[in-house]
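See below for the structure under consideration.
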Amino acid sequence: MTLIGAEGGGSESDSDEIDAERAQASLRAWEKKYQSERAWEDLEEDPLTGRLRVNARAVELRARERRAKMASAALRGGAAKGMMRFAYVVVDLSRAANEEDFRPNRLSVVGHCAAAFVREFFNQNPLSQLGIIVARNGVAERLTELSGSPEAHCAALRNALDASGDFSLQNTLNAARTSLKSIPSYGSREVLYIMSSLATCDPGNVWTEIQATKAAKVRVSVVAVAAELHVARRLSEETGGTYGVSMNADHLDDLIMAHAPPPPLAEDATKSCLVQMGFPQKKHVSKDALIVGTRGDYVCPRCSGRIDELPSQCTVCRLTLVSSPHLARSYHHLFPVPAFKEYASRNVSAKESGIVALECSACLASITDASLASECEHCSNVFCFACDIFIHERLHNCPHCSCATHVESRKKAS
Amino acid sequence: MRFTIDDGGSAPIEVFFPYDSVYPEQVAYMREMKRALDARGHGAVEMPTGTGKTITVLSMCVSYQLAHPEVGKIIYCTRTVPEMEKVLEEMKALQAYIEKELGAETARMLSLGLSSRKNMCVNPAVADEGSRESVDGRCRRLTASWVRERRLERQARDAGRTVAAEDGEGDNEGGVSCCDWFEEFETAGEKAVLPPGVYTLHDLRQFGRAKKWCPYFLARNMISFANVIVYNYQYMLDPKVASLVSSALEKECVVVFDEAHNIDNVCIEALSVNLRQQTLENAGRSITSLNARIDKAKQTDERRLRQEYERLVNGLAQQGVLARGGGEDMLMNPVIPDDILREAVPGNIRRAEHFVAVLKRFVEYLKFRLQSTQVEQETPTAFLQHCAANAGIDGKTLKFCYDRLTSLLKTLEVVDMDEYNALSLVANFAALVGTYSKGFALILEPYDERYPNIPDPVLQLACLDASLAIKPVFERFQSVFITSGTLSPIDLYPKLLGFNPVCAKSLEMTLTRECLCPMVITRGADQQAVSTKFDVRDDPNVIQNYGRILVGLAQTVPDGIVAFFVSYSYMENIVSKWHETGILREIMQHKLVFIETTDVVETSLALDNYRRACNCGRGAIFLSVARGKVAEGIDFDRHYGRAVVMYGVPYQYTLSRILRARLEYLRETFQIKESDFLAFDAVRQAAQCVGRVIRSKKDYGLMVFADKRYNSQDKRGKLPGWITSHLHEEVLNLSTDMAMQVARTFMRSMSQPFSHDDSKKSLFDQEMLNRLAAEGGYREALPAQARKLAPEIMMHI
Ligand code: SF4
Ligand SMILES: [Zn+2]
Ligand SMILES: [Zn+2]
Ligand SMILES: [Zn+2]
């Protein structure tokens, strides 16, 4: 036990030369496990042309699986959801983002996911605001301020995609926190990290910043690209956010998109209060009108100022401006449509017995692939895949449930 | 929960287990233990850390004790104090559970830990002493029986007269020199008992403070009443301490050695002595002062010396050296008790001055031997012959040296043992060399191999046979278990330790996810083999490739990484090369780098900062050495160690003469091939190193074996089963880039959420155990790994 020293060459046996056969075998085993890209599995040969094509069905199946997961996550949240979210997305553009474990590299995959997320975020939360912070060279760059326009964010992000230097958790957290401090008390404060780096290089103690963030009731979630970092996991646990690590590019997308629907609110994160909002009218400006400032199409009901797009804030009187569909869309998060059941799994016998004429009760097209069809739990209507997605992601209502009489009559008829 | 273990043999045992669920391997472990306990035999069981070994052992032993009151105490030996406290904490949980189930009355048990005075003393004037020896020394000075007697006398005198003259002995501290805690304890006498319960060292100290009783002596007194005793290996294995502390334990005890993978080395160290120039010089000085004391004693207290002489004439047994009393306990004979001659001390050393003269001659003789400029190696027999011819001291005289010295020091009422440490080391040497002719070797090296220009002569009496020290334990106690996470190959340990186990088994870990990922990297990205083999280890290509492994890992693995090297010199060499070639800079881009040094303080500082870097997310790499302090005792669990790299095969320094002598002895006595032993020893160290990263089933870690030699069955096969079962074909013989791919996937999949429901699959809860007991349909209920164990465990539950 006490002997520490260089080993001598004398008594080591030389018998352990690697057997070439074994070496080959293990190489094959390794290749089998790691060198097959997932994409290969989805290729199939077109029976007519003989060309290879991507198996659409597999892609769709995966999409459904993903959506079911998201829906159940949304349902689990319970009643309290923030309708006005103020969120910062922190995109890690440190050195680690240049790694090439995703095709073509992490940077483009992350950029793509982030842009898609920004659009989806506003789609689902029209009343909310979002800003982007970029972590690069050890500092936090505030790319865009909190605002409501998805395209501005996406454009800024597109131009900023270039990675170098270290990642600093403390600096980015500080930047987000100080900016979120000034938002109104009814808004929920969130930060979403998309993190490639496996380490953080901080000027001071990151834990004091984490405590401050916790005290400021900011919910921090982290989506890590590569592996679990202790401090990041603790950060999300402390602040009530979620933590996820991606397995591959698709999974990364899922994990990021899971943050688009509003998360359940902690008891004391926001105060409920009445918020004054304006519903501007659309009035085209006549060509000859002389206008100082923007020539937007909308008119503020309070000060008659002009605004480019909705939802936003009036540039003159700072009134929150929305349209009623926006409000309605946000509202649906409180009462999401439950995920539809898979149709095929239950009705195998029916399929076998030859009832082929299966048609979608929404678009009335006949369903060719029964395994992709789904069924509403309440009204037992069957929908095709496209309608299923449309109902859950846009409509937020089951057309048959909301029209019970129609269902009754249909039953009588059959 | 409660369940029954029935192996079809003798009566089933109802086991009390303080948790709501039990791992299948824990049940398997208990069955093994039961078999050995039923047969009153010994056992060796390997079970990976993180599977709750301690509670398994305690539950089974205590439950067995409840069912069979004739079974004696449970003696749980650990290596370190923190381990000891952990065992006692588990015992507390068990005790609480049993009390809840059976009622406080039936479950009256006493469990306690015992450690040295340094860890137990509550006298602030003493406890603050730095080292263990000085605390012992100070305490003895306060509590030795003659010191106390003299003080009492003086107090009586003082009561009459005013001032008493100091009598100029070693205890010059006048009337104040007493330890209140000891006095109170003595006064309480029979009444000083611990009520039943579980006492950690901290609890004992607290109890001692409250009652004003010395916790150390209280604990030692209570050993004979305790049901469970937890203490250090030494108290069982080192004859010097064991005969003092453990001699009163009854035969029916159950002894457990935890973390016993290095037990053979502990045994060997207990019986080995190294003498250096410095020691002999100090011994010479002690002899002078001993002479002075004898002269003084002759003038003032002739009577004491005469009495001693008479005692010695009548034989050793009656002389009272072995009798215990007060706090003056000196270390006992270094020889195994059975080997001590029960004879009268030879005539030539009965008189104090004669004995000191013999000692003096012996020290002179040893000094003369140390002057040799050549390496010498001889057997004890040859040494004795040479000694008799040149110094005129025969073996029998040497054999008695230690006891004679103890007796003399006692007669002279010496309490300052510190001063005589060197001398007792010499006497220790003499006693061992005089007693044993087999299983030992004397090796004299005039200088350290590595620094041939600096003379540093050392005379080593090396014990070669691990079974010598542990034999009395196996013979004396009914059941002895050795257990650890790495005891592979499990059949070698019984051979090395010379015992016949009833059960020898290596248990695997049932896992719900593959949370450990061992892999063997055999070559760099350039396909050149990597190894620390002697002929290639300094090849710049190999060093470069080794560096690239670490760079790759630093990029792919978050938080902490530990790397183990085969030796300090190799680590220094490779790190400086990395520095030159810029690899170190590349690593530092991703993580901070900390290095273990031979300096304990420096190392613990480095460890501290390493942990801090892991906590704050900076990420760090700790470079360490196999067989070093860190490899043995520090855990790198959770984010403190997400990956561990073992660079090379940590062979012992094979040119060491002691190792050579031991190898030869092993071959001749036990027919263990040299290369087998070396490979076994190297692989167990490697397993020990990589095992530091997994401390529980919830944890996960990457284990990289970076040497092409690990790919051969001969090395790999010696790893413990819980590692080899994960060494699938696709993680063998990897090149660096392939390995990084594996690492990346592993890190990703381990970071996925892990629900408790999944972990239920590898657990038996009460309901499941009941159901399994009722019907035979257990197979479906178990995951694949557990199924392997199933037939034998489940048949009888
Ligand atoms: S008797 Fe006990 S309390 Fe007093 S000095 Fe010795 S160990 Fe400490
Ligand atoms: Zn306005
Ligand atoms: Zn449709
Ligand atoms: Zn419906």
Side-chain angles (χ1 to χ4, degrees), chain A residues 1-19 22-35 95-96 99 101 166-167 169-170 197-202 205-207 224-235 242-248 251, chain B residues 262 265-266 269 450 522 532-535 555-559 566-570 589-591 614-619 625 627-628 632 638-639 651-656 659 674-675 678-679 708-709 711-712 714-715 728-734 738 741-742 744-745 747-752:
Chain A
M1 202 164 87
T2 49
L3 263 174
I4 293 158
E7 81 205 54
S11 71
E12 285 176 38
S13 66
D14 256 46
S15 62
D16 52 27
E17 285 302 324
I18 302 161
D19 180 356
R22 289 194 68 85
Q24 275 307 313
S26 66
L27 181 61
R28 277 198 298 276
W30 184 84
E31 277 176 350
K32 214 163 86 205
K33 190 150 181 214
Y34 292 102
Q35 286 193 339
R95 195 185 309 118
E99 282 201 27
D101 52 346
D166 291 315
F167 166 81
L169 188 62
Q170 191 192 6
S197 179
L198 290 179
T200 149
C201 227
D202 301 317
N205 188 352
V206 66
W207 283 97
V225 177
E228 172 186 353
L229 181 68
H230 173 74
V231 72
R233 178 176 291 268
R234 287 297 308 281
L235 165 67
T242 61
Y243 188 87
V245 177
S246 74
M247 291 296 292
N248 47 47
H251 190 214
Chain B
N262 272 338
N265 291 334
V266 178
E269 266 164 40
R450 275 157 282 175
T522 56
T532 56
K533 225 164 152 178
F534 197 65
D535 43 349
Q555 271 172 17
T556 17
V557 177
D559 297 322
V566 289
S567 68
Y568 283 107
S569 57
Y570 185 59
Q589 273 197 344
H590 301 280
K591 291 189 195 299
C614 293
N615 278 337
C616 75
R618 181 66 185 87
V625 168
R627 292 171 201 277
E632 259 301 309
R638 298 175 298 132
H639 61 289
Y651 279 106
Q652 284 190 55
Y653 178 56
T654 46
L655 297 180
S656 140
L659 181 62
E674 288 179 11
S675 60
L678 283 174
K708 69 167 187 175
R709 288 172 291 176
N711 212 48
S712 72
D714 141 61
K715 302 279 180 313
H728 308 301
E729 191 118 50
E730 66 260 21
V731 292
L732 288 177
N733 190 19
L734 300 180
M738 289 157 86
Q741 188 71 257
V742 178
R744 212 170 274 147
T745 318
M747 283 300 149
R748 286 212 159 103
S749 58
M750 281 306 119
S751 311
Q752 299 309 313

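These numbers come from a predicted model, not from an experiment. All values below were derived from every heavy atom in this structure, side-chain atoms included, with hydrogens, water molecules and symmetry-related copies excluded. First the proteins, then the strands, lettered A, B, ... as listed; each starts at 1.
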What part of [X] lies closer than 4.5 angstrom to a heavy atom of chain B: side chain, backbone, both or neither?
| X | answer |
| --- | --- |
| E99(A) | side chain |
| S246(A) | both |
| R95(A) | side chain |

Problem set entry | Salt-bridge contact R748(B)-D101(A) (side-chain N to carboxylate O under 4.0 Å) | yes
Checking side-chain polar atoms at under 3.5 Å, does T532(B) have a donor or acceptor matched by the opposite partner on R709(B)?
yes
**OP:** Specify whether W207(A) and H230(A) have parallel, tilted or perpendicular ring planes, treating 30° as the upper limit for parallel and 60° as the lower limit for perpendicular.
**Re:**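 Ring orientation of W207(A) relative to H230(A): tilted.
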Any donor-acceptor N/O pair, D166(A) side chain to C201(A) backbone, under 3.5 Å = no
